[in-house]
Amino acid sequence: MKVLSPILACLALAVVASHAALSPEQYWSYKLPNTPMPKAVKEILHPELMEEKSTSVNVGGGGVNVNTGKGKPAGGTHVNVGRKGVGVNTGKPGGGTHVNVGGKGVGVNTGKPGGGTHVNVGGKGGGVSVHTGHKGKPVNVNVSPFLYQYAASETQIHDDPNVALFFLEKDIHPGATMSLHFTENTEKSAFLPYQTAQKIPFSSNELPEIFNKFSVKPGSVKAEMMKNTIKECEQPAIEGEEKYCATSLESMIDYSISKLGKVDQAVSTEVEKQTPTHKYTITAGVQKMTNDKAVVCHKQNYAYAVFYCHKSETTRAYMVPLEGADGTKAKAVAVCHTDTSAWNPKHLAFQVLKVEPGTIPVCHFLPRDHIVWVPK
């Protein structure tokens, strides 16, 4: 049996103690003392920063609760995605229903009786679409367009608000215009402390235990979303990619440092205010942050904050200043992949841009709750 030297033993104990004793903010400062925390991380640590008077969104261990706060109490809208699947109450006894919550990418459509239900949650970074057939039985859950081994479905191609985020690298220059929609962060699932996250199973083989722990009904929309996230995390990485699903802020920090060495920046897209899809113009000040290596982390749909992170040696990252037609300003993080030869030929990006895998760099802006980690 190998015995650690006293110095190494003390260091090992210090690492364990640092996870246990430090808050996530303190751990960030300890590990990344010269790296400002991006807005996306602050909002997940402090969900109250995302609240607005017109709409309240609450995501706890039991599910998602959205109230618009508009209209009379009896006629308001309540959307619940949690313990009992999807519930919609418009205050009307019957008829078809369309619910749009504050223009923030949450849409629920119920058609004629027996006609099934369509739920689209476009503001959660991945553009999740769930279709239910009879009696609410889930039959399809679209995956994030930023996972490159998957083909896009027809629904995703037409309905996913992140479609517009894909473009070609040659278009990154001042004066270029794009029609974009940076959806609001509607998923308010919070980070769990490192020690807590380590004790909770995160495996397809343990789904019954996971659902029970978070009071999620098997077969519900939320259950299918969680199941899909775990499935995506368990898929093997594509060629040239290293992947990891971080179930706490501390583990995301550790992974990024382990892959990059020293981290220079951790950045996310920031937009002054929520707007519908409209024309943005790239303004002066485009900054290339890295020319080859980066870790990009995409927020997933889950009971608590989970990030799908992948490290690539063929990635260029830019900070792109934008100004909307209405004067709205944004600082958008753009990631360009210089080698797409291993991507699924039917990936959303190829269908949108009409290019073939491996022929030309493919770029996309990051939604507001995703993070790119840049090495020194």
Side-chain angles (χ1 to χ4, degrees), residues 24 40-41 44 59 61 63-64 81 121 124-130 138 140-153 156 160 162 187 189-214 216 218 220-260 294-312 315 335 337 342-344 347-348 364 366-367 369-373:
V41 173
I44 298 171
V59 181
V64 181
V81 184
V121 187
K124 298 188 177 181
V128 176
S129 188
V130 180
N140 179 51
V141 179
N142 283 343
V143 298
S144 167
F146 309 114
L147 306 182
Y148 309 117
Q149 66 265 52
Y150 292 104
S153 69
Q156 192 169 14
D160 190 342
N162 291 304
E187 173 62 83
S189 54
F191 283 116
L192 292 182
Y194 175 81
Q195 295 287 357
T196 303
Q198 291 297 102
K199 296 175 182 177
I200 297 175
F202 189 81
S203 165
S204 294
N205 296 329
E206 298 173 283
L207 281 171
E209 182 181 345
I210 295 170
F211 292 157
N212 182 62
K213 185 170 187 66
F214 291 98
V216 175
S220 67
V221 172
K222 185 172 184 181
E224 290 302 302
M225 288 179 176
M226 293 173 64
K227 178 181 176 181
N228 195 59
T229 289
I230 292 178
K231 176 185 174 183
E232 291 168 0
C233 289
E234 292 174 340
Q235 287 286 334
I238 63 174
E239 185 179 349
E241 176 192 54
E242 297 178 56
K243 57 175 282 193
Y244 171 74
C245 279
T247 57
S248 66
L249 178 58
E250 293 91 333
S251 60
M252 182 162 56
I253 293 171
D254 291 348
Y255 175 77
S256 300
I257 292 175
S258 73
K259 295 304 175 184
L260 300 177
V295 170
V296 183
C297 295
H298 307 284
K299 193 163 188 288
Q300 301 299 292
N301 295 285
Y302 207 67
Y304 53 91
V306 171
F307 279 81
Y308 180 109
C309 299
H310 47 161
K311 175 237 181 179
S312 171
T315 297
V335 175
H337 302 273
W343 292 22
N344 190 309
H347 185 271
L348 183 64
H364 59 80
L366 288 184
D369 53 359
H370 296 202
I371 303 161
V372 63
W373 303 76

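Throughout, numbering of the chain's residues begins at 1 and tracks the sequence. Everything quoted here is computed from the prediction, not taken from an experiment.
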- Query: Does the pair Cys309 and Cys245 meet the rule for a disulfide (SG to SG under 2.5 Å), with working shown?
  - Reply: CA-CA 6 Å; Cys309 299; Cys245 279; over 6 Å; no
Spacing of [atom1] belonging to [X] relative to [atom2] belonging to [Y], to within rounding of 0.5 Å:
X	Y	atom1	atom2	answer
Tyr255	Ser248	OH	OG	14.5 Å
Asp254	Leu249	CG	CG	9.5 Å
Lys259	His310	NZ	NE2	13.5 Å
Lys227	Ile210	NZ	CD1	12.0 Å
Ser220	Phe211	OG	CZ	7.0 Å
Glu206	Lys213	CD	NZ	12.0 Å

Taking all non-hydrogen atoms of both residues, which atom of [X] and which atom of [Y] are closest, and how far apart?
X	Y	answer
Met252	Phe191	CE-CZ, 4.0 Å
Lys299	Ser189	NZ-OG, 2.9 Å
Tyr304	Ala190	CB-O, 3.5 Å
Thr247	Ala197	O-CB, 3.5 Å
Thr315	Ala294	CG2-CB, 4.3 Å
Ile44	Phe307	CD1-CZ, 3.5 Å

- Query: Between the side chains of Asn228 and Glu232, does any donor sit under 3.5 Å from an acceptor?
  - Reply: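 A pair is found: one side chain offers a donor N or O, the other an acceptor, under 3.5 Å apart.
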Can a donor-acceptor pair be found, under 3.5 Å and without considering hydrogens, that links the side chain of [X] to the backbone of [Y]?
X	Y	result
Thr229	Asn301	yes
Glu209	Pro201	no
Lys243	Gln235	yes

- Message: I want to check something: taking the side chain as every heavy atom from C-beta on, are Tyr302 and Ile230 in contact at a cut-off of under 4.5 Å?
- Response: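 Yes, side chains in contact.
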- Task: Specify whether His298 and His370 have parallel, tilted or perpendicular ring planes, treating 30° as the upper limit for parallel and 60° as the lower limit for perpendicular.
- Result: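 If you compare the ring of His298 with that of His370, the planes turn out perpendicular.
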